[in-house]
Protein chains: 2
Amino acid sequence: MENVKVIIWGLGAMGGGMADLLLKKKGVDIVGAVGRGSKIGKSMYDYIKTERGDRPDVIIGSPEDVIKKGAADVVLTCTDSFTKTAFDRLKFVLEQGINVVSSAEEMAYPMAQEPELAKQLDEIAKANGVSIIGTGINPGLIMDLLVVTMTGCCEEVEHIVSRRVNSLSPFGPAVMVEQGIGITEQEFIDGVKSGHLSGHVGFHESISMIADAIGWKVEKITQTMEPILTDVDRKSPYGFAKAGNAAGCAMKGYGYVDGELKIEMDHPQQIEPEQVGVQTGDYVIIKGTPNINMVNSPEVPGGIGTIAMCVNMIPHIINARPGLYTMIDLPVPRVIMGDMRDLIHPEAKIVK
Amino acid sequence: MENVKVIIWGLGAMGGGMADLLLKKKGVDIVGAVGRGSKIGKSMYDYIKTERGDRPDVIIGSPEDVIKKGAADVVLTCTDSFTKTAFDRLKFVLEQGINVVSSAEEMAYPMAQEPELAKQLDEIAKANGVSIIGTGINPGLIMDLLVVTMTGCCEEVEHIVSRRVNSLSPFGPAVMVEQGIGITEQEFIDGVKSGHLSGHVGFHESISMIADAIGWKVEKITQTMEPILTDVDRKSPYGFAKAGNAAGCAMKGYGYVDGELKIEMDHPQQIEPEQVGVQTGDYVIIKGTPNINMVNSPEVPGGIGTIAMCVNMIPHIINARPGLYTMIDLPVPRVIMGDMRDLIHPEAKIVK
């Protein structure tokens with residue numbers, strides 16, 4: 001069997017990290033990279049950590065240049081957070097008859113906030129005989145799929161809390177801005193009002209995924225976003241918060257079923273949590289039969305986790321029958337320690 | 001759509017518990033129960049906790065009386081721990097064209113120790129257009145599927161420890177005997193030698209499931225079994241261990257890849273662990289990128305967990321295409337809080 005052929009669309013921290021990871025794996029080749037502006041015409045290796053060495057070069061091109069029928073088995077799209085802004089790109093890939101793994105947070109469960117676009121993606125995928133999924137560490141695993149999995153050993157579930165207390169210190173300048181690191185309380189409040197602070201994208205998706213999986217009909221989802229004001233100066237590689245200003249962004253999400261609060265999301269993100277004695281971790285707390293009281297500490301780092309999840313879902317999405325999938329529809333993700341080709345059904349391979 | 005129709009084969013603690021759970025759920029009926037000896041001809045309600053009330057009675061019958069073509073959508077078989085001893089029963093159900101969920105520990109990954117029987121079950125299932133899976137809390141989730149899931153957010157994995165420290169106190173007399181509760185150290189050693197102490201069944205299955213999922217080729221699996229000798233008298237509802245005797249059974253399992261120990265199972269089970277300060281819990285400890293250090297404490301209770309897992313997999317196995325499945329092949333288990341019929345694909349329903 002030919003190696004699994006992958007195109008990466010978007011060579012930022014996530015797409016670049018996926019390239020680095022794929023270059024370490026067996027039975028898989030990066031056959032194309034899509035970028036824009038001044039990146040076009042340059043080598044992918046100029047934008048990732050791995051040295052090219054004696055590998056054939058991968059020249060960054062436009063979507064039309066790179067993504068052509070039969071060019072790859074899958075495209076990893078790492079360009080957006082929102083289904084609406086990603087839609088045309090995803091449609092373009094599917095129409096070339098190539099499978100898609102998207103890192104867009106909303107694509108982890110697009111039926112939550114964009115049911116019409118989700119329906120269209122499903123139809124386009126089926127019409128072109130390929131499949132598409134959105135995933136990442138969160139949404140994608142920690143605050144949703146892992147919760148669903150743990151309900152699997154429950155007879156009944158009454159209430160769910162999913163908590164992710166994580167450090168933003170490893171992240172770069174873009175995340176510092178999105179999360180409001182270093183700004184004043186008033187600037188934070190204004191930023192939330194104007195929509196300039198995105199914070200975490202994914203509560204609607206995680207809550208809807210959990211509820212749909214276990215058969216709760218969620219009638220209302222709300223969320224709040226508050227600054228985490230620091231008492232002391234905090235400094236991370238790309239962030240700085242003076243005492244009194246925001247060192248992070250605390251988001252909470254609430255899903256209601258029959259008028260009752262049934263699913264709670266609690267996701268405080270900040271730089272240098274250790275400095276103020278905050279222990280990071282991923283928590284699944286289920287009130288049910290039995291109770292679940294689970295923690296992974298420290299948390300799975302967001303960057304590595306998203307990179308791994310997207311790469312590890314490649315075989316599953318190639319093998320899936322045509323259509324739009326979410327993480328609750330496919331077998332569990334798993335690290336790929338062997339040859340990626342061993343995981344591919346021959347009849348599902350595009351580049352034979 | 002007709003309610004999901006279920007037959008339960010074996011009304012011990014597990015099968016009886018599944019009956020009780022199913023009677024609380026919407027969109028599902030128990031249409032038959034299979035037992036043996038003096039149970040035949042009696043009411044299922046004589047052997048479970050739920051009162052019959054004004055429900056139609058379910059009279060326990062022989063397999064031939066109860067399991068007939070078109071009689072149910074699925075049979076839950078709760079009769080065995082081993083694939084070899086369960087095989088004829090599983091074959092019989094499949095040949096009547098009915099799907100199967102088995103609680104037999106070895107059936108969680110029958111290709112580990114009974115590859116030939118696994119192949120036959122796959123062929124028989126396909127020839128009869130139905131599907132079969134083995135599951136339970138362990139093997140089935142805690143020491144294998146949960147581990148695999150957490151590798152899904154890893155770029156690389158070097159070493160895996162799966163630890164389950166649990167209490168045997170809720171269990172009945174049969175488990176007390178199987179695990180050697182109350183016997184002397186010498187009796188325990190003799191029991192291990194003679195094969196009379198079964199201890200935990202499932203390490204070969206869990207290790208093989210993890211290794212196959214992530215692409216490690218396991219060349220050797222070994223296990224050890226030691227008494228947990230107690231310093232103090234310990235008493236549980238069905239067990240008693242005098243100071244000096246066995247209050248439990250500590251099992252360890254080891255999976256080797258390329259001569260290196262890569263997967264470790266650590267599973268000490270005992271009555272009244274709290275009495276001696278042992279904190280119970282389920283642990284997933286992965287050395288990799290990133291490290292995973294997860295604990296659910298206290299542990300998911302074995303009985304409830306197995307009952308829930310088998311019931312919660314019913315929709316997945318009805319919907320699956322014909323063949324033999326394991327937990328790494330199907331979407332994650334999830335509690336069923338709504339109408340079970342909402343989870344069934346109409347074309348997969350046997351009793352229309």
Side-chain angles (χ1 to χ4, degrees), chain A residues 17 20-21 24 26 137 140-142 145-146 148-157 210 213-217 257 282 284 286 288-301 304-309 311-313 327-340 342-343, chain B residues 17 20-21 24 26 137 140-142 145-146 148-157 210 213-217 257 282 284 286 288-301 304-309 311-313 327-340 342-343:
Chain A
D20 287 317
L21 179 53
K24 287 186 226 163
K26 290 189 284 278
I137 195 67
L141 178 64
I142 294 298
L145 184 70
L146 186 58
V148 172
T149 305
M150 292 313 294
T151 73
C153 62
C154 293
E155 295 190 346
E156 309 282 346
V157 167
I210 293 169
I214 73 175
W216 276 347
K217 304 215 182 304
V257 179
D282 299 313
V284 177
I286 298 174
T289 310
N291 294 325
I292 300 293
N293 184 31
M294 195 159 84
V295 57
N296 171 59
S297 185
E299 86 282 18
V300 176
I304 295 174
T306 293
I307 289 164
M309 288 289 290
V311 166
N312 291 336
M313 286 307 288
M327 293 303 290
I328 54 175
D329 305 320
L330 291 179
V332 295
R334 58 206 66 174
V335 72
I336 301 167
M337 296 304 293
D339 190 308
M340 199 183 283
D342 294 345
L343 305 172
Chain B
D20 287 317
L21 178 54
K24 288 186 225 162
K26 291 189 284 282
I137 194 66
L141 178 64
I142 295 298
L145 184 69
L146 186 57
V148 173
T149 305
M150 292 312 295
T151 71
C153 63
C154 294
E155 296 191 347
E156 309 283 343
V157 166
I210 294 170
I214 72 175
W216 277 346
K217 305 218 181 301
V257 179
D282 299 313
V284 177
I286 298 174
T289 311
N291 294 323
I292 301 293
N293 184 29
M294 195 160 84
V295 56
N296 171 58
S297 182
E299 86 282 18
V300 176
I304 294 174
T306 293
I307 289 164
M309 289 289 291
V311 166
N312 291 337
M313 287 306 289
M327 292 303 289
I328 53 174
D329 305 320
L330 291 179
V332 294
R334 58 207 66 173
V335 71
I336 301 168
M337 296 303 294
D339 190 307
M340 198 182 285
D342 296 344
L343 305 172

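Every chain is numbered from 1, with letters handed out A, B, ... down the list of sequences.
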(request) Give, as side chain, backbone, both or neither, the part of Ile304(B) having an atom under 4.5 angstrom from any heavy atom of chain A. (result) both

(request) Go through the atoms of Val157(A) and report whether side chain, backbone, both or neither lie under 4.5 Å from a heavy atom of chain B. (result) both

(message) Tell me which of these, Pro301(B), Ser297(B), Gly17(B), has more heavy-atom pairs under 4.5 Å with chain A than the rest.
(response) Ser297(B)

(request) Check whether Leu141(A) gets within reach of chain B through its side chain, its backbone, both or neither, counting any heavy atom under 4.5 Å. (result) side chain

(request) Please confirm whether the backbone N or O of Asn293(B) pairs with a side-chain atom of Asn296(A), one donor and one acceptor, at under 3.5 Å? (result) yes

(request) Counting only heavy atoms closer than 4.5 Å, note whether Val148(B) contacts chain A via side chain, backbone, both or neither. (result) both

(message) When you compare the side chain of Val300(A) with that of Pro290(B), does any pair of heavy atoms fall below 4.5 Å?
(response) yes

(message) If you count heavy-atom pairs within less than 4.5 Å of chain B, which of Ala213(A), Gly140(A), Gly288(A) leads?
(response) Ala213(A)

(request) Calculate, to the nearest 0.5 Å, the distance between atoms CD and CE belonging to Glu156(B) and Met337(A) respectively. (result) 5.0 Å

(message) Which atoms of Glu299(B) are under 4.5 Å from chain A, going by heavy atoms: the side chain, the backbone, both sets, or neither?
(response) neither

(request) Under 4.5 Å heavy-atom distance to chain A, tell me which part of Thr306(B) shows up: side chain, backbone, both or neither. (result) neither

(request) Could you check which of Pro333(B), Gly215(B), Gly338(B) has the highest count of heavy-atom pairs closer than 4.5 Å to chain A? (result) Pro333(B)

(request) Let me know if Met340(B) has heavy atoms under 4.5 Å from chain A in its side chain, its backbone, both or neither. (result) neither

(request) Taking all heavy atoms of Ile214(A) and all of Arg334(B), pick out the closest pair and write down the distance. (result) CG2-CB, 4.3 Å

(message) How long is the straight-line distance from CD of Glu155(B) back to CD1 of Ile336(A), given to the nearest 0.5 Å?
(response) 11.5 Å

(request) Calculate, to the nearest 0.5 Å, the distance between atoms SG and CE belonging to Cys154(A) and Met309(B) respectively. (result) 10.5 Å

(request) Write down the atom of Asn312(A), the atom of Thr151(B), and the distance for their closest heavy-atom approach. (result) ND2-O, 3.8 Å

(request) Output the option from Ile137(B), Asp329(B), Ile210(B), Asp282(B) having the highest count of non-hydrogen pairs under 4.5 Å with chain A. (result) Asp329(B)

(request) Please flag which part of Leu146(B) lies under 4.5 Å from any non-hydrogen atom of chain A: side chain, backbone, both or neither. (result) side chain

(message) Looking at chain A, which one of Leu145(B), Leu330(B), Val311(B) has the largest number of heavy-atom pairs inside 4.5 Å, strictly under?
(response) Leu330(B)

